[in-house]
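Notes to accompany the following structure.
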Amino acid sequence: MHHFTFQDDKMFCESVPVEKIARTVGTPFYLYSAATLTQHFKAFDDPFSDIPHISCFATKACSNIAILKLFANLGGGADIVSGGELFRALQAGVDPKRIVYSGVGKTESEMEYGLQSGILQFNVESEQELEALQKTAARLKMKAPVSFRINPDVDPKTHAYISTGMAKNKFGIPIDQAEKIYATAQAMANIEITGVSCHIGSQLTKLSPFIEALQKVKLFITRLRQAEIKISHLDLGGGLGIQYDEESPPHPREYAKAIKEELQGMNCTLILEPGRVIVGNAAILVTKVLYTKKGQKKFIIVDAGMNDLVRPSLYDAFHAMKLVNRKELNLEVADVVGPICETGDFLARDKELPVCKSDDLLAVMSAGAYGFTMSSNYNSRPRVAEVLVNGNDFFEIRRRETYEDLIKGESIPDFLV
Ligand code: LLP
């Protein structure tokens, strides 16, 4: 369910015509619906309300501070993977005690920032990272709360680039080596073990890999407890998929039910790190048709490119497209391409689309997760605006970058002047 609907053949976001926003902020832009974000957060979080848990939104999926604030207001925390994401979460007012820090390559200065901010836990992914964290915490005369990220060797059956829980992936600690690292950590003066974490991949459309991973983690926790290691938190990561096309992922309600069943008697606070399932279908990318041309193929050339939404180019991902400003019954097979000087710059390939003409507005659907956050300035294109609709109102939550923004921080050394 989302709040991008049609009235008299024109697309609305909640109660605001999308065309009206385009006239005000120009194109392209990302457009988020506050009602959809709220509804999706609650749909995910509410089914866990009868057990101790924290839904730590995966900041990397969508990191605008207005959106992080919206989730914080609903009781959400944040899953972060860099000092920059920590800064964003804190600026948005996320409670540090609801922040978990994941990722294989945290630097000592990032660890220091996390420690001084008083975050809930570091999800540590290697022995060397543990040593660096012990050293950093000792220097600050603090204790670092630590969960180790376990790699359970489970195939999440998703795109290879976003599978993270298989033995061949760079993530986590192999489950058969992990007991040793807990024992090492237990003996460290500035480390406090809090739990176990695990994240096996993204855009999962079946429950079985989650359950398989959870069963392995459960057995592992039992072994740790037998060795008298205290485990109070179990972090299951994110990964629940959404519908982009024909997929039919489980509803968050079913996901919660299956997890809660497995968790019975575990006596842990559950941490979840949902990203895509909350924001994916809560935003669109609005782009304008510049030109069309037909040779061997039909091309619709729009003003958004792979720098604005890289998912189709990087993962061959499908995003549905809808005409925003009018109804068009005639369909044709076309490629929707951007202005970037690369053949890989496309938003859709060989798709049946309404016949478009110059100045039409197209909505690239399901663009809320890993859309703006993966955008870049490639081809020196200013990053686009982000707009949030709330009922009848809309707010520019990030202004479009200017040419001046593009060269911010650059300088010409004297020898060139
Ligand atoms: N927790 C950790 C440790 C993660 O690495 C991720 C995603 C998440 C949580 C959130 O996963 P989600 O619930 O959003 O599936 N750029 C790719 C997706 C990369 C996912 C990276 N990690 C895409 O556009 O499909």
Side-chain angles (χ1 to χ4, degrees), residues 30 37 40-41 43-45 54-63 67 71 76-82 85 89 99-106 120-125 129 147-152 156-166 169-173 195-206 209-210 213 234-245 247 249-250 252 255-256 259 270-283 285 306 308-319 347 364 366-376:
Y30 278 89
L37 291 164
H40 287 184
F41 183 88
F44 184 87
D45 191 64
I54 314 177
S55 293
C56 295
F57 174 68
T59 306
K60 65 171 83 65
C62 180
S63 61
I67 289 167
F71 297 140
D79 159 51
I80 57 161
V81 291
S82 69
E85 286 190 351
I99 296 180
V100 294
Y101 195 161
S102 309
V104 291
K106 305 173 194 80
L120 177 64
Q121 72 184 31
F122 292 85
N123 291 342
V124 170
E125 304 210 20
E129 185 191 336
S147 263
F148 290 97
R149 176 165 172 185
I150 302 307
N151 182 324
K157 302 203 167 52
T158 182
H159 191 287
Y161 289 7
I162 54 177
S163 296
T164 54
M166 302 208 285
N169 302 138
K170 70 174 175 179
F171 296 98
I173 298 162
V196 177
S197 89
C198 169
H199 167 81
I200 57 172
S202 196
Q203 184 54 13
L204 272 69
T205 54
K206 296 254 176 309
F210 288 115
L234 168 52
D235 181 343
L236 274 183
L240 187 57
I242 62 167
Q243 185 177 11
Y244 286 99
D245 191 8
E247 312 88 334
Y255 168 82
I259 286 176
L270 179 64
I271 298 173
L272 300 145
E273 302 172 354
R276 188 188 318 263
V277 67
I278 294 177
V279 290
N281 281 319
L285 171 65
M306 65 188 286
D308 303 307
L309 178 67
V310 75
R311 301 193 71 257
S313 308
L314 191 57
Y315 314 112
D316 216 5
F318 171 84
H319 286 264
L347 297 176
V364 184
S366 313
Y370 310 101
F372 186 88
T373 51
M374 292 183 82
S375 68
S376 77

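In this text the structure is predicted, and so the values were computed from the model without any measurement. Residues: numbered from 1 along the sequence shown. Just follow the structure's listing: the first ligand is 1, and inside any ligand the first atom is 1.
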* Asked: Nearest protein heavy atom to atom 8 (C) of ligand 1, by residue and atom, and its distance?
  -> His199 CE1, 3.4 Å
* Any Ala61 heavy atom less than 4.0 Å from ligand 1 -> no
* Asked: Can a cation-pi geometry be assigned to Lys106 and Tyr101, taking NZ or CZ under 6.0 Å from the six-membered ring centre and within 45° of the ring axis?
  -> yes
* To do: Identify the protein heavy atom lying closest to atom 15 (O) of ligand 1, giving its residue, its atom name and the separation to 0.1 Å.
  => Ser202 OG, 2.4 Å
* Touching ligand 1 at all, Arg149? Heavy atoms, strictly under 4.0 Å? -> yes
* Structure fact -> For atom 21 (C) of ligand 1, the closest protein heavy atom turns out to be Lys60 CD, 3.7 Å
* Asked: Hey, does the side chain of Asn151 reach the backbone of Met166 with a donor-acceptor pair shorter than 3.5 angstrom?
  -> yes
* Asked: Is there a donor-acceptor pair closer than 3.5 Å between any side-chain N or O of Tyr30 and the backbone N or O of Asp308?
  -> yes
* Asked: Can you find a heavy atom in the side chain of Tyr315 that is under 4.5 Å from one in the side chain of Gln203?
  -> no
* For ligand 1, note which part of Asp79 has a heavy atom under 4.0 Å away: side chain, backbone, both or neither. => side chain
* Asked: Does the side chain of Thr164 come within less than 4.5 Å of Arg149's, by heavy atoms?
  -> yes
* **4.0 Å heavy-atom contact, Val277 with ligand 1** => no
* To do: Return the residue, atom name and 0.1 Å-rounded distance of the protein heavy atom closest to atom 25 (O) of ligand 1.
  => Arg276 NH2, 2.8 Å
* Atoms in ligand 1 with a heavy atom of Gly238 nearer than 4.0 Å -> 9 (C), 13 (O)
* To do: Of all the heavy-atom pairs spanning Pro252 and Ala43, show the shortest one and how long it is.
  => CB-O, 3.6 Å
* Can you pull out the closest protein heavy atom to atom 16 (N) of ligand 1? Residue, atom name and distance to 0.1 Å, please. => Tyr315 OH, 2.7 Å
* **Polar side chain donor-acceptor pair, Asn123 to Gln121, under 3.5 angstrom** => yes
* To do: Check ligand 1 against Met374 and write out every atom of the ligand that is under 4.0 Å from a heavy-atom position of the residue.
  => 16 (N)
* Structure fact -> When distances are taken from atom 20 (C) of ligand 1, the protein heavy atom at minimum range is Tyr370 OH, 3.6 Å
* To do: Measure the acute angle between the ring planes of Phe41 and Phe71, then classify it against the limits of 30° and 60° as parallel, tilted or perpendicular.
  => parallel
* Counting only heavy atoms, which portion of His159 has something under 4.0 Å from ligand 1: side chain, backbone, both, or neither? -> neither
* Asked: Polar-atom distance check: Arg311 versus ligand 1, any N or O pair below 3.5 Å?
  -> yes
* Structure fact -> min-distance protein heavy atom vs atom 19 (C) of ligand 1 -> Ile162 CG2, 3.6 Å
* Structure fact -> To atom 1 (N) of ligand 1, the nearest of Glu273, Glu125, Gln203 on a heavy-atom basis is Glu273
* Heavy-atom closest pair, residues Ile242 and Ser366 -> CD1-CB, 4.5 Å
* Structure fact -> For Gly239, the atoms of ligand 1 under 4.0 Å from one of its heavy atoms are 11 (O), 12 (P), 13 (O), 15 (O)
Name every donor-acceptor pair, under 3.5 Å, that has one atom in a side chain of residues 54-61 and the other anywhere in the protein, sequence neighbours excluded.
| unit_1 | atom_1 | unit_2 | atom_2 | d |
| --- | --- | --- | --- | --- |
| Ser55 | OG | Asp45 | OD1 | 2.6 |
| Thr59 | OG1 | Asp79 | O | 3.1 |

* **From Asp245 atom CG to Phe318 atom CZ, the distance as rounded to the nearest 0.5 Å** => 4.0 Å
* **Close N or O approach (Gly275, ligand 1; < 3.5 Å)** => yes
